[in-house]
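Nothing here was measured: the structure is a model prediction, and the numbers come from that model. Read the numbers this way: they start at 1 and go in the same order the structure lists the ligands and their atoms.
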Amino acid sequence: MTKIFFRNFRVSCLQLNKCNYATAPNAIATIKLNNKEYVTDDYTNVTPKILSYLNRNLHLKKDNPLSLVRQRIVNYFYSSFTHRGNPTFSVYENLSPVVTTKQNFDDLLIPENHPSRTKSDCYYINRKTLLRAHMTAHQSELLRSGLDNFLMIGDVYRRDEIDSTHFPVFHQIDAVRSQRKEQLFQDFPDLELFEPTFDPQNPHIFTNSIKDPNKQSCHTLEATKLMEAQLKNHLIGLVQTLFGDNIKHRWVEAYFPFTHPSWELEIFYENNWLEVLGCGIVRNEILANAGPNNTIAYAFGLGLERIAMALYKIPDIRLMWSKDSGFLSQFEDKALNERITYKPVSSYPQCVNDISFWLPPNLTIDTFTSNDFYDLVRDVGGDIIEQVKLKDKFVHPKSKKHSLCYSIIYRHLERTLKQAEVNEVHKEIEKAAVKAFNVIIR
Ligand code: DAH
């Protein structure tokens with residue numbers, strides 16, 4: 001099977017989902033997304049369930065592992081590329097996932113009959129509009145706006161089966177790095193980006209061919225090879241930053257409609273070759289159509305889930321969507337480079353009970369030691385205490401009495417806890433706190 005995008009496509013055996021937007025006969029069915037209304041048609045196959053993932057923005061949520069990986073990658077690019085003390089790359093992480101077929105396909109030279117355009121692979125809102133299938137969908141518009149070095153980060157949508165490593169919504173970072181002749185060939189002013197037969201001022205009179213596996217026909221071999229060397233160095237630097245200097249890697253030749261030559265980078269991780277990104281030299285037609293006609297660029301795209309799952313040993317992609325504090329707290333307030341190994345939490349539900357108390361006159365909200373309280377909770381509650389966190393501090397405006405509120409999260413590893421038994425334990429904790437700290441339960 002042809003590989004279109006970086007991600008192992010399976011032959012999808014899903015039935016085409018007929019969308020159930022109930023409408024009266026002759027009425028025009030519309031879908032409203034982020035305050036914009038879209039008229040549905042015979043292409044519409046996006047479901048309410050899928051639409052419910054829009055705006056979750058996991059990649060921007062502080063405690064989500066995807067956000068940790070995002071920050072580490074952005075930092076790598078910020079610190080590796082600076083110009084007069086400023087970061088060279090600009091970062092776009094709030095672009096709307098609702099895009100046109102022009103953005104997702106046409107601008108990237110993906111042919112009309114390409115399998116990646118089919119209704120069975122994408123979530124269409126209507127014939128002309130879909131949920132982006134890759135972050136590369138924004139490449140042309142950002143080039144057109146005059147940018148030359150940028151990262152695009154966000155959620156992408158592809159129809160697929162759901163299992164421990166596949167989910168129809170996932171997250172990507174895509175990037176473009178462009179250079180003019182004077183930048184790329186600083187040290188070799190005699191070298192050129194383009195072959196003499198190609199006139200960058202009139203790109204459209206030249207048929208840019210990709211028959212030669214080494215380069216596009218408009219580019220010189222020197223420019224392509226130097227870009228390739230930089231691209232590969234930068235990306236190896238990135239995986240070494242994430243996985244350590246000794247990470248074993250290999251380059252695999254690849255094909256993408258929007259780059260030539262193209263490669264995939266695989267790393268050897270826990271006894272498996274793991275594909276982590278796709279990349280290549282941007283097809284000159286894309287640059288010429290979008291504006292900059294005197295540059296050569298490389299681009300790459302990588303999936304955040306796959307990296308986060310490997311780095312933190314997260315066994316199931318669905319956990320990324322968890323709102324369960326047993327999951328999120330493991331990534332909370334961590335230094336970016338800290339080694340984190342995810343510890344599976346029980347799949348039985350949590351019970352959350354709050355405890356609030358007035359402090360005795362000799363203590364204030366700033367002098368009370370929360371850690372003492374945490375120990376007491378664990379002493380009394382034992383293994384069913386999953387987490388204790390400070391929820392609120394309060395000073396009464398009139399009485400000036402100080403009060404604290406903590407949430408206690410209970411969960412049993414082998415069975416569902418009954419609220420009544422949790423309440424019993426909670427009462428015991430209240431009694432013990434009164435005794436130990438002289439507090440008054442509110
Ligand atoms: N868009 C590709 C995908 O989703 C990944 C990719 C490959 C992005 C090569 C790029 C690139 O920018 O140059 O699978």
Side-chain angles (χ1 to χ4, degrees), residues 1-10 12 59 73 77 89 91-92 95 97 99 101-111 114-118 121-123 130-143 147-160 165-179 210 215-216 219 224 227-228 230-232 234-235 238-239 251-266 274-287 290 295-307:
M1 192 176 42
T2 25
K3 222 160 50 166
I4 312 107
F5 294 144
F6 152 71
R7 191 187 197 199
N8 293 319
F9 263 85
R10 301 188 197 158
S12 171
H59 62 294
I73 296 176
F77 279 91
F89 279 84
V91 178
Y92 293 82
L95 300 162
V99 298
T101 47
K102 179 171 180 299
Q103 289 171 293
N104 200 82
F105 304 115
D106 305 338
D107 284 349
L108 294 167
L109 315 179
I110 298 173
H114 198 277
S116 65
R117 293 192 185 234
T118 54
D121 277 353
C122 296
Y123 287 106
L130 71 161
L131 298 179
R132 65 188 166 210
H134 55 171
M135 287 308 291
T136 325
H138 301 285
Q139 187 181 88
S140 281
E141 78 197 64
L142 293 183
L143 283 167
L147 293 165
D148 45 12
N149 295 288
F150 50 92
L151 301 174
M152 304 158 268
I153 311 172
D155 39 340
V156 300
Y157 298 76
R158 292 191 204 164
R159 299 187 66 189
D160 209 339
T165 56
H166 295 81
F167 198 75
V169 193
F170 59 104
H171 298 77
Q172 289 187 325
I173 297 196
D174 223 89
V176 172
R177 168 155 177 78
S178 337
Q179 294 191 87
I210 55 167
K215 66 179 200 73
Q216 300 172 35
H219 290 141
T224 311
M227 285 297 282
E228 173 181 343
Q230 293 189 355
L231 163 64
K232 289 183 170 175
H234 295 155
L235 293 175
L238 174 65
V239 295
W251 290 100
V252 180
E253 285 194 10
Y255 168 79
F256 301 105
F258 28 93
T259 47
H260 183 78
S262 310
W263 303 272
E264 278 163 4
L265 176 57
E266 296 185 348
L274 182 71
E275 184 184 312
V276 286
L277 59 86
C279 62
I281 309 294
V282 177
R283 291 271 295 265
N284 193 62
E285 298 91 315
I286 298 177
L287 297 176
T295 61
I296 185 166
Y298 73 59
F300 69 85
L302 57 80
L304 287 179
E305 272 78 355
R306 204 174 269 192
I307 292 181

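- Of the inter-residue distances, the one linking S116 atom OG with N104 atom CG reads 7.5 Å to the nearest 0.5 angstrom.
- The ring of H134 has its center no closer than 6.0 angstrom to the ring center of F256.
- Contact annotation: M135 has no heavy atom less than 4.0 Å from any atom of ligand 1.
- At a heavy-atom cutoff of 4.0 Å, ligand 1 is contacted by the backbone of C279 but not by its side chain.
- With a 4.0 Å heavy-atom cut-off, ligand 1 is reached by the side chain of R158 but not by its N, CA, C or O.
- The backbone N or O of P261 lies less than 3.5 Å from no partner atom in the side chain of E228, so there is not a single donor-acceptor pair.
- Heavy atoms of F258 approach ligand 1 to within less than 4.0 angstrom.
- Those atoms of ligand 1 that come under 4.0 Å of a heavy atom in Q172, given as number and element, are 3 (C), 4 (O).
- Using a distance-only test at 3.5 Å, with no hydrogens or angles considered, a donor-acceptor pair links the side chain of R158 to the main chain of A133.
- Between R132 and ligand 1 there is no heavy-atom distance shorter than 4.0 Å.
- Minimum heavy-atom separation, I153 to H59: O-NE2, 3.7 Å.
- On a distance-only criterion, H134 and ligand 1 share at least one N/O pair closer than 3.5 Å.
- Judged by distance alone, with hydrogens and angles left aside, the side-chain atoms of R283 form no donor-acceptor pair with the main-chain N or O of H260 at under 3.5 Å.
- Within ligand 1, the atoms closer than 4.0 Å to a non-hydrogen atom of T259 are 13 (O), numbered from 1 in the order shown.
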